[in-house]
Amino acid sequence: MQDAKHKALVVIPARYGSTRLPAKVLLKDSGKYLMQHTYEQILKCKLVGRIIIATDDMRVFKAAREFGANARMTSKHHTCGTERIAEVARHLPYQYVINVQADEPQIDPKSVDKVIAILQRNKNVDIATLASPLSKKDIPDPNKVKVMLDKNNIAVCFKRLISNSELIIRCRGLCGVHNSKLYRHIGIYGYRKQALLRFVKLPQTESEKELRLEQLRAMENGLKIKVAVIKKAFYGIDTPQDYQTFIRQIKRRV
């Protein structure tokens with residue numbers, strides 16, 4: 001119970017289906033399931049008290065149990081991973097709940113701890129997440145979500161594309177005129193449990209539907225999101241090419 005009060009519950013939603021890379025969480029070219037790599041990275045976190053893999057597919061459930069993970073079967077009717085983690089967290093005593101995607105095998109444990117630390121240290125914050133410096137390649141890419149922060153690292157807005165005026169602000173920041181507050185968002189979320197349970201009851205907003213960004217629903221309903229800025233983004237596995245790159249990196253380490 002001490003862990004439940006001071007540490008966090010990490011829930012890893014793991015779907016079998018994937019449009020660009022079918023059954024990716026069960027890929028095993030490295031000798032371990034893709035989701036197993038993610039799970040083992042989270043085991044290194046200092047502020048995590050419990051890890052649960054949440055799925056609606058028995059194949060994923062059995063694979064998770066095979067490598068010793070705590071796994072839960074959840075409803076097949078959830079529309080997003082956030083609803084899946086809420087189902088798992090609802091009846092557990094943890095006050096901090098972290099959503100880590102199963103396809104993040106290179107996730108940095110220290111960065112996960114930073115997300116948890118935000119919630120521990122800021123009682124007025126509902127949701128915590130991460131961002132990293134925005135590169136030139138990120139700017140025109142709508143798949144690289146941008147986040148603007150205020151002076152206290154509270155999220156002001158999330159966008160897929162940014163305007164010329166926002167680019168000028170960023171360039172001035174890089175030139176030292178003033179600090180730029182425009183970053184690349186990294187999609188890991190930490191919730192206070194009560195904020196998570198409130199969030200999944202809220203209807204989707206129009207901007208969320210348009211941009212496919214759940215965090216806009218949270219902001220538009222008054223939930224405060226604070227961001228920890230890290231030096232370098234870590235990347236999820238979305239395509240066969242991503243996975244092969246990851247496998248090559250694994251082989252180089254051996």
Side-chain angles (χ1 to χ4, degrees), residues 4-5 7-19 25 35 38-39 42 47-57 60-61 64 69-104 107 112 115-116 118-120 122-131 145 147 154-155 157-160 185-228 236:
K5 183 176 181 181
K7 292 193 174 183
L9 167 68
V10 169
V11 183
I12 303 175
R15 292 190 311 117
Y16 182 84
S18 173
T19 304
V25 298
M35 66 177 176
T38 304
Y39 175 83
I42 303 303
L47 300 181
V48 172
R50 191 173 182 182
I51 310 167
I52 297 175
I53 293 176
T55 186
D56 62 358
D57 192 286
V60 177
F61 178 85
N70 187 346
R72 296 283 181 90
M73 288 295 294
T74 55
S75 171
K76 291 183 178 292
H77 303 294
H78 294 313
T79 60
C80 62
T82 311
E83 292 178 1
R84 199 172 305 284
I85 70 166
E87 179 186 340
V88 172
R90 188 179 305 277
H91 303 296
L92 295 174
Y94 292 85
Q95 61 174 315
Y96 312 122
V97 185
I98 315 302
N99 182 351
V100 174
Q101 298 304 308
D103 61 2
E104 296 275 7
I107 192 168
V112 177
V115 169
I116 299 166
I118 288 176
L119 298 173
Q120 291 176 334
N122 300 272
K123 293 184 178 180
N124 63 331
V125 168
D126 301 294
I127 301 171
T129 188
L130 295 174
V145 177
V147 58
I154 300 297
C157 69
F158 292 85
K159 297 185 175 184
R160 291 191 178 276
H185 180 233
I186 301 170
I188 173 176
Y189 294 97
Y191 299 87
R192 292 191 185 281
K193 182 178 176 179
Q194 61 268 34
L196 171 64
L197 298 182
R198 178 188 168 199
F199 175 83
V200 295
K201 292 179 181 178
L202 296 170
Q204 284 187 306
T205 63
E206 290 306 312
S207 59
E208 176 191 0
K209 292 176 185 177
E210 179 184 353
L211 295 177
R212 294 176 290 112
L213 297 174
E214 284 184 13
Q215 58 269 44
L216 295 177
R217 187 196 325 177
M219 292 182 64
E220 291 171 15
N221 283 279
L223 294 174
K224 185 177 289 188
I225 304 174
K226 189 174 177 71
V227 180

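Sequential numbering from 1 along the given sequence is applied to the chain's residues.
Between Asn122 and Gln120, the side chains place no donor N or O within less than 3.5 Å of an acceptor N or O (distance only, hydrogens not considered). Remark: the Glu214 side chain and the Tyr189 side chain contain no N/O donor-acceptor pair separated by less than 3.5 Å.
The two residues Leu196 and Tyr191 have their closest heavy-atom pair at CB-CB, 3.7 Å. The two residues Ala14 and Met35 have their closest heavy-atom pair at CB-SD, 4.2 Å. Shown here for Arg84 and Thr74, the closest heavy-atom pair between the two residues is NH1-OG1, 2.7 Å. Between Phe199 and Ala218, the shortest heavy-atom contact is CE1-N, 3.7 Å. The two residues Gly190 and Leu119 have their closest heavy-atom pair at C-CD1, 3.7 Å. Shortest non-hydrogen contact noted between Val11 and Ala54 is CG1-CB, 3.8 Å.
Ion pairing between a basic and an acidic side chain is recognised when a charged N comes within 4.0 Å of a carboxylate O; Arg198 and Asp126 show no such pairing. Here Glu206 pairs with Lys209 in a salt bridge; the nearest charged N to carboxylate O distance falls below 4.0 Å.
For the pairing with Thr205, the side-chain hydrogen bond (donor to acceptor under 3.5 Å, both in side chains) check across Arg217, Glu220, Glu210 returns one residue only, Glu220.
With contacts defined as side-chain heavy-atom distances shorter than 4.5 Å, the pair Arg50/Leu92 qualifies.
Here the side chain of Arg90 pairs no donor or acceptor atom with the backbone of Ile85 at under 3.5 angstrom. A donor-acceptor pair under 3.5 Å is absent between the side-chain atoms of Lys193 and the main chain of Ala86, judged by distance alone. Panel note: side chain Arg192, backbone Tyr96; no donor-acceptor pair is recorded below 3.5 Å.
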